[in-house]
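Since the structure comes first, as C-alpha cells, the remarks are kept for the end.
Residues: numbered from 1 along the sequence shown.
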Amino acid sequence: MKKFALVNGKIYVERGRFAQALYAEDGVIRLVGRDDEIGSAAGRGAEVLDCEGRTVIPGLNDSHMHLLGVGMEMSHLHPPAAIREILPAATVIGGEIVYRR
C-alpha cells in the first residue's frame, strides 16, 4: 500500500478554502488538515513530502473544451471534397439524417 503525506503546503480544497497538508493511500486522498493532524494520521511507512509553502491542486484534470468556441474558430475552414459530395445526398427528416441513393 503506497502512503504519502504532503505537508507545509497550501492545499486547495474548494473555492476560497485551503488546508496545510493532506494524506493519501493508494492514490486516494484520505484526509486534509493541519500538518500535525496529517502527521499523526499518516503514521509510520508514509512518505512525507515538504511542499515548502507551495500551492497544491489535487486531482486537477481539466480535459474539457468549449465546443461552441472551437466550432466558431473553425468556421473559416471548408469541408474536404468527400464531405461536400455527401452533403447534397443527405436530407434531414424528422430529426434523422437520411441518405438518398
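Taken together through direct or relayed side-chain contacts under 4.5 Å among Ile, Leu, Val, Met, Phe, Trp and Tyr, Phe4 and Val56 form part of one hydrophobic cluster. Linking ILVMFWY residues whenever their side-chain heavy atoms come closer than 4.5 Å, directly or via other members, leaves Leu49 and Tyr23 in distinct clusters. Note: the hydrophobic cluster containing Leu31 does not contain Phe18 (ILVMFWY, side chain heavy atoms under 4.5 Å, direct or indirect links). When hydrophobic clusters are built by joining Ile, Leu, Val, Met, Phe, Trp and Tyr residues whose side-chain heavy atoms come closer than 4.5 Å, directly or via intermediates, Ile57 is not grouped with Ile29.
Atom SG of Cys51 sits about 4.5 Å away from atom CG of Leu6, to the nearest 0.5 Å.
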Quick one, Lys2 with Glu47, criterion side-chain contact (heavy atoms from CB on, under 4.5 Å). Give me CA distance, side-chain angles, the key distance, then yes/no.
CA-CA 8 Å; Lys2 173 86 170 152; Glu47 181 179 5; 3.0 Å; yes
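At least one side-chain heavy atom of Pro58 sits under 4.5 Å from a side-chain heavy atom of Leu22.
Of the candidates Asp35, Ile38, Val32, Gln20 forms a side chain to side chain contact (heavy atoms under 4.5 Å, CB included) with just one, namely Asp35.
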